[in-house]
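Only one structure is covered here, and it is reproduced in the block below.
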Amino acid sequence: MRIATYNINGINARLPVLLRWLAETQPDVVCLQELKAPQENFPEQAILEAGYQAIWLGEKSWNGVAILSRGHAMQEVRNTLPGDDTDTHSRYIEAIINKTLIACLYLPNGNPAPGPKFDYKLSWMKRLQEHARYLLSEDVPVVLVGDYNVIPTDMDVYKPERWLDNALFMPEPKAEFAALVGQGWTDALRTLHPDERIYTYWDYFRKAYDRNAGLRIDHFLLSPQLAGRLRSAGVDRHVRGWEKTSDHAPVWIVLDDPTD
DNA sequence: ATGACTCCCGAGGGGAGA
C-alpha cells in the first residue's frame, strides 16, 4: 500500500498538478493539506474521475484537509482533533483504510513567535500528543501523517542558523515533536534514510528550489506494529519543479499489506 | 531585509504562508 501526503496549497489552483501527479504515481491513499477551499468548492468530480473517493473538511480561505482512497473502502472516524471544542480550524481528518488508521493533519505554522499563533501551535501539539497516546492504546495500526510545520533537527534544514527564531524550528515545537515521536512512533523517512538530506518544502522566494534551500516538515509517523511493514519511502521532488506547483512536494511511503 | 512569491477574497490591496 502506497500512502502519500501532499500540502497542495490551494486544491483548485493546483488541480492540474494534482491530477498529473495522481496519474503518474497512483498512490493508494493520499492525504492533502491546505485545500484553501470551502466545503462546497472541493473538486470532487475531478477526483472521482481520477479514480479516487474522497473525504474532506474545507474552510473558507485557509487550511482544509482531505483523504483520497483508490481501491480500498474508506471509513471516516473523525474530523476534529479532540481537546478543544472552540478550535474551528480545519486541520485534522481521520479514516480507516485497509485495516489501517490514517490520520491526516495540518499542524499550525505558529509564526510569528512568540505570540498567540505560537501559543496555538504549542497547544495543538499537546492535543495531538494526547490523541496520539489514545490511538496507540487502540489495537489498530496507525499512520500520523501530514504537514507538521516542524523541522525536527539541523539535518532537516538547509541553513539552521537562519531559522533559529522561526516557529518551525524553535526549541519548544522541536521538543513537542520529539516528545510525540518518543511515545513510540517511527519517523518513516528518517528511519529508512538516516544520513540523507531530505527536503519536502522549498519556498517560492529566491529560487529556493533551484538552490535546494529546503526544509523537511512533512512527516509520516508510524505506530509500532506498523514500523515492521515499512518497505520504502521518498519524496516526489520533481513535482516541485512543475508549473503552477505547490511550495511543498508530495512525500510517500510503501507499506506491506496487513497479514490478517 | 517591513524584501521576494503565490494563494484566497473579491474587485483593491490585505492576510497568510514557512
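Below, all heavy atoms of this structure are taken into account, side chains as well, without hydrogens, waters or symmetry copies. Nothing here was measured: the structure is a model prediction, and the numbers come from that model. Throughout, protein chains are lettered first and strands after them, A, B, ... in sequence-line order, and every chain is numbered starting at 1.
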Pairwise 5' ranking along DNA chain B for A:P108 and A:E59, keeping only the more 5' one: A:E59
To the nearest angstrom, how far is A:Q33 atom CD from B:dG17 atom P? 14 Å
To the nearest angstrom, the CG-C1' distance between A:L18 and B:dC7 comes to 16 Å
Result for 5'-nearest mapping on DNA chain B, choosing between A:T245 and A:D203, is A:T245
Looking only at the side chains, is there a donor atom on one of A:N7 and A:D218 sitting less than 3.5 Å from an acceptor on the other? no
Output the single nucleotide from B:dC5, B:dC9, B:dC7 whose closest atom is nearest the side chain of A:K244. B:dC7
Determine whether the side chains of A:H89 and A:Y106 contain a donor N or O and an acceptor N or O closer than 3.5 Å. no
Taken to the nearest whole Å, CZ/A:F205 to C1'/B:dT2 is 12 Å
Rounded to the nearest angstrom, tell me the gap between atom OH in A:Y201 and atom P in B:dA16. 16 Å
Under 4.0 Å, heavy atoms only, any strand: does A:Y106 hit a base, just the sugar-phosphate, or nothing? sugar-phosphate
Assign A:D147 to base, sugar-phosphate, or nothing according to its heavy-atom contacts below 4.0 angstrom with the strands shown. sugar-phosphate
In whole angstrom, give me the gap between the P atoms of B:dG10 and B:dT6. 23 Å
In whole angstrom, give me the gap between the C1' atoms of B:dG13 and B:dT2. 16 Å
Sticking with atom P, work out how far B:dA1 lies from B:dG14, rounded to a whole angstrom. 24 Å
Could you please spell out the steps behind the side chain to side chain donor-acceptor pair (under 3.5 Å) verdict for A:Y209 and A:D247? CA-CA 9 Å; A:Y209 178 65; A:D247 40 8; over 6 Å; no
For a quick check under 3.5 Å, do A:Q129 and A:Q183 share a side-chain donor-acceptor pair by atom type? no
Which whole-number value in Å describes the distance from A:W62 CH2 to B:dA16 P? 5 Å
Value in whole Å for how far the C1' atom of B:dG17 lies from CG of A:L35: 15 Å
Rounded distance in Å - CH2 (A:W163) to C1' (B:dG17): 10 Å
For A:L215, report the nucleic acid contact type (base, sugar-phosphate, nothing); a contact means any heavy atom under 4.0 Å. sugar-phosphate
When the P atoms of B:dC9 and B:dA4 are considered, how many whole Å apart are they? 23 Å
Determine whether A:T200 and A:L215 make a side-chain contact, defined as any pair of heavy atoms from C-beta on separated by less than 4.5 Å. no
Tell me, please, whether A:Y199 has A:R216 positioned over its six-membered ring: NZ or CZ under 6.0 Å from the ring centre and within 45 degrees of its axis? no
Min side-chain heavy-atom separation A:V65-A:N79 under 4.5 Å: no
Please produce a list of atom pairs where a protein N or O lies less than 3.5 Å from an N or O of nucleotides 11-13 of chain B.
none

Indicate, with a heavy-atom threshold strictly under 4.0 Å, whether A:N7 touches base, sugar-phosphate, or nothing. sugar-phosphate
